[in-house]
Number of protein chains: 2
Amino acid sequence: MAIIGDLSLDLDKISSDTMADVVEMRLRDYFKKKSFKPGDALPKEQELADALGVSRNVLREALSRLRMLGMVETKKKRGMILSSPDVLGGFERVLDPLIISADALQDLFELRLILEMGLADVLYLNLNDQSIHELEMIANNEKKKNKEIFRIANEIAFHGKLYEMAGNDTVKRFQHMLLPVFGFVLQLENEFVSGKVTHLDLVEILKSGTKDDFRNGMYDHLKPHFDRLEAIKK
Amino acid sequence: MAIIGDLSLDLDKISSDTMADVVEMRLRDYFKKKSFKPGDALPKEQELADALGVSRNVLREALSRLRMLGMVETKKKRGMILSSPDVLGGFERVLDPLIISADALQDLFELRLILEMGLADVLYLNLNDQSIHELEMIANNEKKKNKEIFRIANEIAFHGKLYEMAGNDTVKRFQHMLLPVFGFVLQLENEFVSGKVTHLDLVEILKSGTKDDFRNGMYDHLKPHFDRLEAIKK
DNA sequence: CATAATTAATATGTACTACATATTTACAAA
DNA sequence: TTTGTAAATATGTAGTACATATTAATTATG
């Protein structure tokens, strides 16, 4: 006798791609196959629609997606050109803590910790006295202001500066996008404790310490977060 | 006398948002303001279009973007629901080494190195004998196969397994998406040398070494890449 | 002849209409 | 109670029309 278990495990959902989904993929393939490069002019909408056998409506729905990602730009009469997308644009649009899954939130929380811990090597490649001095100014500023109220702003300023010093704009932006997620997770846990190593301590390490010193300092600075992770994993 | 420099630096481009751009933003704001959560039903297309004062066409172009990102799903008659987007979907669609800028390529190359170096802490939180054993199998397998031909596949398998062991699906996928970029940059440089520390060495460290040992081992494993970075930065 | 002004041509942006299709709901039939 | 049928409805798709901005061509003008 046949055993009927969870149907959803045995029967895959019927994939109902719309024409816009298909056209989006086909356009991608077309650009690749023809090795279009940024700046190259694309055929006009009606030609593409005719070639694909769809209405101009459907084609524009697909184009709208590519335009959002920055893959294509259009000028009124000149037509469309392929362009260099902002690699983080699509990521940014989706990063709302209220709508992404709890698992993804947790993963992104960890991702930021991974970034902070991995930054040392690239950071030390770009280190110079001027930027260390600027970082120190930021850390010093924290003492003046009300610690509780400006705590989050201070965190953002200091760590953001670290990424800036690493000289990698994409990673800096990336980390900045992760901040709301990070804050959201912490808020859920009602946990705002600080590690033993302060921002000023980290500055001192940058002045005279090694990469390893910095990594260890950063770990201690982030220790409460890692402790939280450890507690969860068990 | 007025000095005329680079015009593009002095004159901002006129922002010519299309209706679809505006509607996309307005829908986002609407979802937030009404605190829609995944699963909630959205008004029907015609109602939204009427409310926004645009044609159903324009509204659908905006919706098409949100659908692509996985923010909304639609069923034929039931209407639309807000849903949990795949946080990396938008990123994945744009990661074509042939169209993203050279700067972004370089940044992403560094980003992968940062991830590898930062992985240790999260990895050690999840470590267990079983997964170490599986990793060892992968590393051992490399010796059997033709090293040159399978070199890239081996790299992907080993490092992919490391991310899997870290127990963070998002980061694992993220790293996997970065691989083509990584490979592309290396290919440009015609550089495929390995560090002194092999995959098997890393496995041994995982068995009996500390987090710091692992980080140092990973750094040595990736040393050629860091050397390349250092050469570029100067 | 060179520059400015005008006109024509064209591709995109937007709106509107129409209809097929899938899915729900309700109801009828077995 | 389950199954089958019919009506209702929201989305998916096609097609037409036109406004607008931009380019190209043409004419006017000094």
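Every heavy atom of this structure was used, including side-chain atoms; hydrogens, water molecules and symmetry mates were not. A, B, ... follow the sequence lines: proteins, then strands. Residue 1 opens every chain.
Summarising the geometry, the separation between CE on B:Met19 and P on D:dT20 is reported as 12 Å, rounded to the nearest angstrom. Rounding to whole angstrom units, CD of residue B:Glu73 and P of D:dT11 are separated by 14 Å. Taking atom CD of residue B:Glu45 and atom P of nucleotide C:dA15, one finds them 15 Å apart after rounding to whole Å. Whole-Å rounding puts the B:Leu63 CG to D:dT11 P distance at 9 Å. Following rounding to the nearest Å, A:Asp21 (CG) and D:dG12 (P) show an atom-to-atom distance of 9 Å. Summarising the geometry, the separation between CZ on B:Arg67 and C1' on D:dT13 is reported as 12 Å, rounded to the nearest angstrom. Between the CZ atom of B:Arg56 and the P atom of D:dT11 there is a distance of 7 Å, rounded to whole Å. Atom P of nucleotide C:dT12 and atom CD of B:Glu61 are separated by 12 Å, given to the nearest angstrom.
Using a 4.0 Å cut-off, no side-chain N or O of A:Arg60 falls inside it from OP1 or OP2 of C:dT12. Residue A:Thr74 places no side-chain N or O under 4.0 Å from the OP1 or OP2 atom of C:dA11. The side chain of A:Ser55 contributes an N or O atom lying less than 4.0 Å from OP1 or OP2 of D:dA14.
The distance between the ring centers of B:Tyr163 and B:Phe174 does not fall below 6.0 angstrom. Taking the six-membered ring wherever Trp is involved, the centroid distance between the rings of A:Phe36 and A:Tyr30 falls below 6.0 Å.
B:Asn57 and B:Glu61 form no side-chain donor-acceptor contact under 3.5 Å, judged by distance and modelled atom types alone. In this structure, a donor-acceptor pair under 3.5 Å is absent between the side chains of A:Glu230 and B:Tyr124.
Comparing A:Val54 and B:Leu42 along DNA chain D, the residue whose closest nucleotide (by nearest heavy atom) sits nearer the 5' end is B:Leu42. Each of A:Asn57 and A:Met80 was matched to the nucleotide of DNA chain C holding its nearest heavy atom; the match closer to the 5' end belongs to A:Met80.
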